[in-house]
Participant: 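One structure follows; several queries about it will come next.
Numbers here are sequence positions counted from 1.
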Amino acid sequence: MHHERWQLLIHGKVQGVFYRASTQQQARMLGLTGYCQNLDNGRVQVVAEGMPDQLQQLLEWCWQGPAGAEVTTIDVDKDLPTDEWQDFQIRR
């Protein structure tokens, strides 16, 4: 297996519900690197790198999210070049 980078665009009630902090905690627990950030259109963008099985686990978690989240759709792009980040960050 090889290292991959996936971008997830999460739609729904995902801002103001600790979605980014919870995603960061989950990604670090799975051993992933990358970042998440709020977008101006109300979505959350997650860009994560790791092994495909770890990324799939993060994707499955993102459908649930933290307690207050209501996810309606996740757009997934799995065909991105990797960058070898060192950590999983929250961007503003």
Participant: Excluding sequence neighbours, so at least two apart, what forms side chain to side chain donor-acceptor pair (under 3.5 Å) with Gln89?
Facilitator: Asp87
Participant: Could you list the residues that satisfy salt bridge (Lys or Arg N to Asp or Glu O under 4.0 Å) with Arg20, not counting sequence neighbours?
Facilitator: none
Participant: Apart from Trp85 itself, what residues make up its hydrophobic cluster when side-chain heavy atoms of I, L, V, M, F, W and Y under 4.5 Å apart count as a link, directly or indirectly?
Facilitator: Tyr35, Val47
Participant: Give the cluster check for Val44 versus Leu80: same hydrophobic cluster or not, with ILVMFWY residues linked at side-chain heavy-atom distances below 4.5 Å.
Facilitator: no
Participant: Using a 3.5 Å distance criterion without hydrogens, assess whether the side chain of Gln45 forms a donor-acceptor pair with backbone atoms of Leu8.
Facilitator: no
Participant: Would a 4.5 Å heavy-atom cut-off, applied to side chains only, mark Arg5 and Asp83 as touching?
Facilitator: yes
Participant: Can you sort out the partners of Glu4 under salt bridge (Lys or Arg N to Asp or Glu O under 4.0 Å), two or more places apart, ordered by chain and number?
Facilitator: none
Participant: Flag yes if more than 12 heavy atoms outside Gln37 fall under 6.0 Å of its CD atom; otherwise flag no.
Facilitator: yes
Participant: Tell me, please, which residues at least two apart from Gln26 pass side chain to side chain contact (heavy atoms under 4.5 Å, CB included).
Facilitator: Met29, Leu30, Leu58, Trp61
Participant: Measure across Cys36 and Thr23 and return the closest heavy-atom pair with its distance rounded to 0.1 Å.
Facilitator: SG-CB, 4.4 Å
Participant: Could you work out, with side chain to side chain donor-acceptor pair (under 3.5 Å) as the rule, every residue matching Gln86, not counting sequence neighbours?
Facilitator: none
Participant: Under a 4.5 Å side-chain heavy-atom rule over Ile, Leu, Val, Met, Phe, Trp and Tyr, are Leu32 and Leu9 clustered together?
Facilitator: no
Participant: Write down the atom of His2, the atom of Pro52, and the distance for their closest heavy-atom approach.
Facilitator: O-CD, 3.3 Å
Participant: For Gln24, check side chain to side chain contact (heavy atoms under 4.5 Å, CB included) against everything at least two apart and list the hits.
Facilitator: Arg28, Phe88, Ile90
Participant: Sequence neighbours left out, what passes side chain to side chain contact (heavy atoms under 4.5 Å, CB included) with Asn41? Give chain and number order.
Facilitator: Leu39, Arg43
Participant: Restricting to pairs with a member in residues 62-80, which pass side chain to side chain donor-acceptor pair (under 3.5 Å), not counting sequence neighbours?
Facilitator: His11-Asp75
Participant: For Gln15, enumerate each residue passing the side chain to side chain donor-acceptor pair (under 3.5 Å) test, keeping only those at least two apart in sequence or located in another chain.
Facilitator: none
Participant: How far does CD of Gln57 sit from CG of Leu55, to the nearest 0.5 angstrom?
Facilitator: 9.5 Å
Participant: To the nearest 0.5 angstrom, please state how far the CD atom of Gln56 sits from the CH2 atom of Trp6.
Facilitator: 4.5 Å
Participant: Find the distance between SG (Cys62) and OH (Tyr19) and round it off to the nearest 0.5 Å.
Facilitator: 4.0 Å
Participant: Is there a path of hydrophobic side-chain contacts, each under 4.5 Å between heavy atoms of I, L, V, M, F, W or Y residues, that connects Phe18 with Ile10?
Facilitator: no
